[in-house]
Amino acid sequence: MIVTTTDVIQGAIIESYLGIVTAEVVYGSNFIRDFFASIRDVIGGRTASYERLFEQGQRKAIEELEQRAQRLGADAVVGIEFDTGTINIDQSGVLLLITATGTAVKIR
């Protein structure tokens, strides 16, 4: 399955658009990761644990897009966009949300 952020696939012709596919990945808070991220926030620098988490989440979202597109009979997903956000859950923490959206297509 071809997955791409572009609207076209070079050398391929889109025969039909099968519909929009979406995937959501949600991760819960992790006290240790949050603690070290807060230290980084004070002293500066990148937070590798969160970078890895978002990278993993994007991979999982792409896998889910592929599965949902296959169920529609698609050969590819085009125009993929990612979005990230948080969901506050009272005083106990935050959930991290990674969403991917694309269009399932049949190509030749």
Going by heavy atoms in the side chains, are [X] and [Y] under 4.5 Å from each other?
{"X": "L96", "Y": "T86", "result": "yes"}
{"X": "I62", "Y": "F82", "result": "yes"}
{"X": "L95", "Y": "L97", "result": "no"}

Can you measure from [atom1] ([X]) to [atom2] ([Y]) and round to the nearest 0.5 angstrom?
{"X": "E15", "Y": "D75", "atom1": "CD", "atom2": "CG", "answer": "8.0 Å"}
{"X": "T101", "Y": "E24", "atom1": "OG1", "atom2": "CD", "answer": "7.5 Å"}
{"X": "L53", "Y": "Q58", "atom1": "CG", "atom2": "CD", "answer": "10.5 Å"}
{"X": "Q67", "Y": "L72", "atom1": "CD", "atom2": "CG", "answer": "12.5 Å"}

Single hit among I13, V78, I14 for side chain to side chain contact (heavy atoms under 4.5 Å, CB included) with I107 = I14

ask   = Salt bridge or not for K60 and E64, using N-O below 4.0 Å?
value = no

query = Is I80 linked to V21 within one hydrophobic cluster, defined over Ile, Leu, Val, Met, Phe, Trp and Tyr using a side-chain heavy-atom separation of less than 4.5 Å?
reply = yes

key: same_hphob_cluster(Y17, V77) at 4.5 Å side-chain heavy-atom cutoff   = no

Nearest heavy-atom neighbours spanning [X] and [Y]:
{"X": "I89", "Y": "V94", "answer": "CG1-N, 4.1 Å"}
{"X": "V25", "Y": "G57", "answer": "CG2-O, 3.7 Å"}
{"X": "A61", "Y": "A23", "answer": "O-CB, 3.4 Å"}

inquiry  = Please evaluate residues R68 and T22 with respect to the criterion side-chain contact (heavy atoms from CB on, under 4.5 Å), reporting the C-alpha separation (whole Å), side-chain torsions for both, the decisive distance (0.1 Å), and the verdict.
reply    = CA-CA 8 Å; R68 292 179 183 185; T22 62; 3.9 Å; yes

ask   = Around E51, counting heavy atoms of other residues, nucleotides and ligands shown, do more than 12 lie under 6.0 Å from its CD?
value = yes

Show every donor-acceptor pair shorter than 3.5 Å between a side-chain atom in residues 2-12 and any protein atom, with sequence neighbours excluded, or say none if there are none.
residue	atom	partner	partner atom	Å
T4	OG1	T6	N	3.1
T4	OG1	T6	OG1	2.9
T6	OG1	V8	O	2.7

